[in-house]
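Step one of this worksheet: look at the structure below.
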Amino acid sequence: MTAPARISLDRLNTASRPEFGAALGAIFEHAPWVADTAFDARPFATVATLHDAMMAALRRAPRDQQMTFVRGHPELAGKIARAGTMTAESTSEQGGLGLDKLSDAEVAKFEKLNGEYARKFGFPFIICVRRHTRDSILRQFERRLALTKDGEFAAAVNEIGYITRLRLVDKVDGPGLPVTTGRLSTHVLDTYNGRPAPGVSVALYEVGASARGLLKTATTNADGRTDAPLISGGPLRTGTYELQFAVGDYFRHAGVKTADPPFLDIVPLRFSIAEPEGHYHVPLVVSPWNFSTYRGS
């Protein structure tokens, strides 16, 4: 399915109030009044200042209006999600993390946390799922249950900022886009031959508490890098990952005499991502007998 065309910031700056609302009214969940309020701050020099104006409209609203807005968000993997009655944006976001395909045990865990959270705070747990793995969401769920009601309300509004920033960039094109993307890349350096290592098979896995999933496979080029980043075009999901490098095959094909079986065959590098909009460059420096890594640039 082809993604809908993004509207230009210039067009929004000259649109009528109804046109502006029709374009942006769904950015904030069930709250078209946010876009209507931001309309009065036009013109916007950048997409980032448009988002700032929308967040300012939310933050300036009376507390009861803010609370009604926050309570309008769906629970994660909750009954509304399973009934298929969420907004299109929330459905896509939760579905992108597989929260619509949880096992019975996982559903029970989310229901338990949702219930504890609602009883304590009186509104649903809100997190930008596009910036997290399932494990990270569960950790945040448990961590934020320890906050005060005011502290957690502020955390929820902060997460709404991340959610709506991504939704806005999906819909609007123009100068000064807010930073919403991260990048994961790698390369392999062969210290035995003193050169980049071409032809190394690389596999990237997400490592969860109960399972692991293959995200991507690639092969290094003449520069020892993959032709494209391993992850790009959106935020990196906070969580734990593992890169596996088939260095045994590489050195064998390079004509390096090694033991049979080789001392190093598949080299795993396990690391964590904590900055969804950051650049994580995770190289492998390797010989047939040792290896090292670091976070590069």
Side-chain angles (χ1 to χ4, degrees), residues 1-62 65-74 80-81 84-97 99-100 126-132 154 156-183 228-229 231-237 275-279:
M1 181 182 294
T2 303
R6 294 156 75 199
I7 188 170
S8 73
L9 184 63
D10 286 344
R11 178 72 186 90
L12 288 172
N13 278 333
T14 58
S16 67
R17 185 181 291 272
E19 290 170 334
F20 189 89
L24 302 182
I27 298 291
F28 284 69
E29 197 91 354
H30 302 301
W33 58 265
V34 174
D36 188 65
T37 303
F39 177 86
D40 294 325
R42 295 187 314 161
F44 302 105
T46 66
V47 179
T49 57
L50 167 57
H51 184 252
D52 289 344
M54 297 180 84
M55 286 300 297
L58 171 62
R59 295 183 191 278
R60 286 197 303 265
Q65 188 175 18
Q66 292 178 339
M67 186 62 75
T68 298
F69 164 67
V70 169
R71 286 174 176 157
H73 287 72
I80 292 176
T85 56
M86 292 191 304
T87 64
E89 290 80 6
S90 287
T91 299
S92 174
E93 289 156 1
Q94 292 202 28
L97 190 57
L99 295 181
D100 57 343
I126 298 172
I127 193 167
C128 182
V129 297
R130 291 168 69 179
R131 302 174 78 245
H132 292 270
V157 171
N158 190 54
E159 289 296 323
I160 287 165
Y162 290 127
I163 293 166
T164 55
R165 186 176 68 178
L166 281 161
R167 290 181 179 181
L168 188 67
V169 169
D170 287 343
K171 285 184 174 289
V172 179
D173 190 20
L177 290 171
V179 177
T180 58
T181 63
R183 183 157 56 105
I231 305 176
S232 63
L236 305 175
R237 294 188 186 273
E275 303 163 28
E277 292 78 34
H279 177 201

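Hydrogens, waters and symmetry mates play no part in the numbers below; they use all other heavy atoms, side chains included.
With sequence neighbours excluded, the residues that form a side-chain hydrogen bond (donor to acceptor under 3.5 Å, both in side chains) with T46 are T49. The side-chain contact (heavy atoms from CB on, under 4.5 Å) test applied to T68 returns no partner, not counting sequence neighbours. With sequence neighbours left out, T164 forms a side-chain contact (heavy atoms from CB on, under 4.5 Å) with I27, F28, H51, M55, I160. Every residue meeting the side-chain contact (heavy atoms from CB on, under 4.5 Å) condition with T14, not counting sequence neighbours, appears here in chain and number order: R11. Qualifying salt bridge (charged side-chain N to carboxylate O under 4.0 Å, His left out) partners for E275, counting only residues two or more places apart in sequence or in other chains: R295. N13 pairs by the side-chain contact (heavy atoms from CB on, under 4.5 Å) definition with L9, R42, P43, F44, not counting sequence neighbours. When the ring pair (Phe, Tyr, Trp, His ring centres under 6.0 Å) test is applied to Y162, no partner is found at least two apart in sequence or on another chain. Take D36 and apply the salt bridge (charged side-chain N to carboxylate O under 4.0 Å, His left out) test, not counting sequence neighbours, and it matches R17. For the side-chain hydrogen bond (donor to acceptor under 3.5 Å, both in side chains) test, no residue two or more places apart in sequence or in another chain qualifies with S232.
Remark: side-chain polar atoms of R237 are paired, donor with acceptor, to backbone N or O of V129 under 3.5 angstrom.
Here the CZ atom belonging to F69 is positioned 10.0 Å from the NE2 atom belonging to H30, to the nearest 0.5 angstrom. Rounding to the nearest 0.5 Å places CD1 of I163 at 13.5 Å from CG of L168. Distance check, rounded to the nearest 0.5 Å: CD of E159 to NE2 of H73 gives 11.0 Å.
Between P74 and E29, the shortest heavy-atom distance links the atoms CD-OE2, 3.6 Å. Between Q66 and A61, the shortest heavy-atom contact is NE2-O, 3.4 Å. In plain terms, the two heavy atoms of E277 and P235 that are nearest each other are OE2-CB, 4.0 Å. The minimum heavy-atom distance between H132 and C128, with the atom names listed, is CD2-O, 3.3 Å.
The side-chain heavy atoms of P276 and R130, taken from C-beta on, include no pair separated by under 4.5 Å. Residues M54 and L24 form a side-chain contact, since some pair of their non-hydrogen atoms from C-beta on lies under 4.5 Å apart.
The salt bridge (charged side-chain N to carboxylate O under 4.0 Å, His left out) pairs that include a residue from residues 52-62 number zero, where partners must be two or more places apart or lie in different chains.
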Would you be so kind as to tabulate the donor-acceptor pairs closer than 3.5 Å made by side chains of residues 175-183, with sequence neighbours excluded?
none

